[in-house]
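All values below come from the heavy atoms of this structure, side chains included, with hydrogens, waters and symmetry mates left out. Letters A, B, ... mirror the listed sequences (proteins, then strands); counts begin at 1.
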Protein chains: 2
Amino acid sequence: MAARAPLTREEVLTAAAALVRQDGPQRLTMRKLAADLGTAVTSIYWHVGNRESLLDALVERTVAELGEIRPRGATPAERVVSVARALRRQLRSHPHLVAMVHERGLTERMFLPAQRALVHEVHAAGVRGARAAEVVRAVQFQVVGHVLVERNRERAPAQSPAEEELWDTPTAEDDRALARALAAPVDTERLFVTSVRALVKSLLETGS
Amino acid sequence: MAARAPLTREEVLTAAAALVRQDGPQRLTMRKLAADLGTAVTSIYWHVGNRESLLDALVERTVAELGEIRPRGATPAERVVSVARALRRQLRSHPHLVAMVHERGLTERMFLPAQRALVHEVHAAGVRGARAAEVVRAVQFQVVGHVLVERNRERAPAQSPAEEELWDTPTAEDDRALARALAAPVDTERLFVTSVRALVKSLLETGS
DNA sequence: ACCTGAACACCGTTCAAGT
DNA sequence: ACCTGAACACCGTTCAAGT
């Protein structure tokens, strides 16, 4: 039995990332992590401080790994929408990142990679100054909020009141097509694009 | 010392609600709850099953306590915005409800009280069927998402990169007013209204 | 500088036993 | 029907002691 090579901070982070990828941050325990690494629990503390700062470091690392965002499309509005879509795709490809960032109050962080691109496009649309800042922030809240709700619905338990009950005749006001549409599962991708497009259209076309 | 009156399910829920109101769901422990109630921990299990279903019941109870939502305003668009604002206000007056609902994957639940009102207004705007459902859902995701992000930012730790650094000259593209606006704290109420108004405007005015 | 086991102060939950 | 204490299998973290 060769003695274990000395533990490094990077090694701890990588093992923690693997654990989180499988089971989510909730289920990352210091003891399980130590077992995976083949060390004593207490060694981990020497390298990363404690669980809190371990998760901090993990968020930082994962965000840094997200690639740059390249806008696509003919008009500034289209390009803003493409930034929003790209960011959504990035976040969805790291499902637990969203939870980690949310739990740690760092939603701001999730949006940083896209901000530079967004500022550029809003400027290209001729909007500047405080108004431009408002547009950037509106898109930020829209995208991050949507992803949070989306992720949330995915891990939702069976709807507690059945959908049909919710959309009975009085609520739907005799609009059968509406009742049917609301009872059906949401096409979140489509809803996302529709919403962002609508938001951006209004915000970019309104005069100062 | 009079013997304790028999414990009831309602009593447990009320004590749990008080604990959650102060410290949030994270900090509600069965043992603390038992201590507050002056009973053995295990008595609680007899009345509410376990921690999971206790929190379920708490969410149900709190949502039921939210009042009805009355739309205000002259046009359907204005009235939809007023529903969104009312819902946001309700959710913000129960700060921990948002966290509980989110943790339990029940964001749908948060929106139910407002849905009936919203359907009515969208119909009044002449939008029906599947398109109407899309508008309702777009507003739903917008409102719930915004509140989630907002709550999240409020309990955020100190911004890890200082705001000024983020908004240095290259990123802000020589737009000093933009840099200043993005460095300043967000007026979330204003941002919320601006966003919802923009979204609703586009969605209600676009022909089918 | 790095690792270790023992120990502390917590958890949620089960269960047999009481009345 | 309702309550209890003891016990189980977990946590994160600290600390003195090792090399």
Heavy atom of residues 12-20 of chain B under 4.0 Å from DNA chain C: which residues? none
Does CZ in B/R88 sit with more than 12 non-hydrogen atoms of other residues, nucleotides or ligands closer than 6.0 Å? yes
Counting primed atoms, P, OP1 and OP2 as sugar-phosphate and everything else as base, the B/S/- map of nucleotides 7-19 of chain C against protein heavy atoms under 4.0 Å is B---BBBBB----
On a whole-Å scale, what distance lies between the C1' atoms belonging to C/dC3 and D/dC15? 13 Å
For A/R92, what residues pass the salt bridge (Lys or Arg N to Asp or Glu O under 4.0 Å) criterion, not counting sequence neighbours? A/E150, A/E154
Decide, yes or no, whether a salt bridge links B/R116 with B/E68 under the criterion of side-chain N to carboxylate O below 4.0 Å. no
Distance-only criterion, 3.5 Å: show the donor-acceptor pairs between side-chain atoms of residues 95-103 of chain B and protein atoms not counting sequence neighbours.
| from | atom 1 | to | atom 2 | distance (Å) |
| --- | --- | --- | --- | --- |
| B/H96 | NE2 | B/R21 | O | 3.3 |
| B/H102 | ND1 | A/N152 | ND2 | 3.2 |

What pairs with B/R70 under salt bridge (Lys or Arg N to Asp or Glu O under 4.0 Å), at least two apart in sequence or on another chain? none
Is B/L178 close to A/H123 at the side-chain level, that is, under 4.5 Å between some pair of heavy atoms? yes
For A/L37 and C/dC3, give me the distance from atom CG to atom C1', rounded to whole Å. 13 Å
May I ask you to decide whether A/E189 forms a salt bridge with A/R85, counting only side-chain N to carboxylate O separations under 4.0 Å? yes
Within the structure provided, determine whether A/L33 and A/L54 are in side-chain contact (heavy-atom separation under 4.5 Å). yes
Is it true that A/R72 and A/E78 have a side-chain N and a carboxylate O under 4.0 angstrom from each other? no
Just the dot-bracket of DNA chain C, please: which string comes out with Watson-Crick or G-U pairs under 3.5 Å, [ ] for crossing, | for another strand? ||.|||||...|||||.||
Is B/H47 close enough to D/dA1 that one of its side-chain N or O atoms is under 4.0 Å from OP1 or OP2 there? no
What is the distance, to the nearest angstrom, from the CH2 atom on B/W46 to the P atom on D/dG5? 18 Å
CD of A/E65: more than 12 outside heavy atoms within 6.0 angstrom? yes
